[in-house]
Amino acid sequence: MDKNEAIEKLNKCIDEEKIEDSVIKKQTEKITSVGSKMAYCREIIKFTRKEMADVFEINPRSLANYEKDISQPPLIVLFLYAKYFEIPMEDFVDDFISIEEFSVKYCLFHFIKFKVIYKFMYNM
């Protein structure tokens with residue numbers, strides 16, 4: 001291997017490492033927390049934190065802390081969210097399912113029915 005080939009090979013390795021770094025950066029940018037998914041579910045049905053906290057019988061401040069990723073929700077809260085919104089629990093806890101993917105999987109129409117049912121049950 002001559003000098004030029006060695007330099008070319010070295011440059012290729014450096015370029016591949018840069019590409020690898022950009023792929024890692026893109027993957028970490030896709031990370032979506034449990035809290036942001038909880039907030040998304042609440043916001044899509046236009047519930048306040050108070051309304052949502054009432055549904056799950058938790059403190060609204062605790063819910064705010066979960067949504068802002070200040071603290072992690074207990075397993076029972078995640079379980080209740082998953083059951084309430086008919087979303088597999090894995091999708092809530094999988095950090096690599098972005099909000100975009102999440103919203104496509106569980107479209108707006110799916111969430112609207114919960115709002116209608118809730119309002120009907122509690123405003124009779």
Residues in ring pair (Phe, Tyr, Trp, His ring centres under 6.0 Å) contact with F79, at least two apart in sequence or another chain: none
Parallel, tilted or perpendicular, as decided by the 30° and 60° cut-offs, for the rings of F85 and F56: tilted
Rounded distance (nearest 0.5 Å) linking atom CZ of F47 with atom CZ of R42: 10.5 Å
Interatomic distance, T32 atom OG1 to D95 atom CG [nearest 0.5 angstrom]: 7.5 Å
Test log, rule side chain to side chain contact (heavy atoms under 4.5 Å, CB included), inputs I87 and C41: CA-CA 10 Å; I87 295 172; C41 288; 4.1 Å; yes
Backbone N/O of P88 and side chain of K83: donor-acceptor pair under 3.5 Å: no
K68 (side chain) donor-acceptor with L63 (main chain) under 3.5 angstrom: no
Beyond-backbone contact of P74 with V77, side-chain heavy atoms, under 4.5 angstrom: yes
Side-chain (E51) to main-chain (T48) donor-acceptor, under 3.5 angstrom: yes
Donor-acceptor pair, side chain of R49 and main chain of P60, under 3.5 angstrom: no
Short side-chain to backbone donor-acceptor contact, K50 and N59, under 3.5 Å: no
Worked check of side chain to side chain contact (heavy atoms under 4.5 Å, CB included) between M38 and Y81: CA-CA 8 Å; M38 290 174 72; Y81 254 79; 3.4 Å; yes
Rounded distance [0.5 Å steps], OG in S36 versus CZ in F92: 10.0 Å
Candidate pair L75 and M89, rule side chain to side chain contact (heavy atoms under 4.5 Å, CB included), full reasoning: CA-CA 10 Å; L75 191 57; M89 206 159 147; 3.1 Å; yes
Close side-chain approach of M52 to I58, heavy-atom, < 4.5 Å: no
Minimum heavy-atom distance V34-P73, with the two atoms named: CG1-CG, 4.0 Å
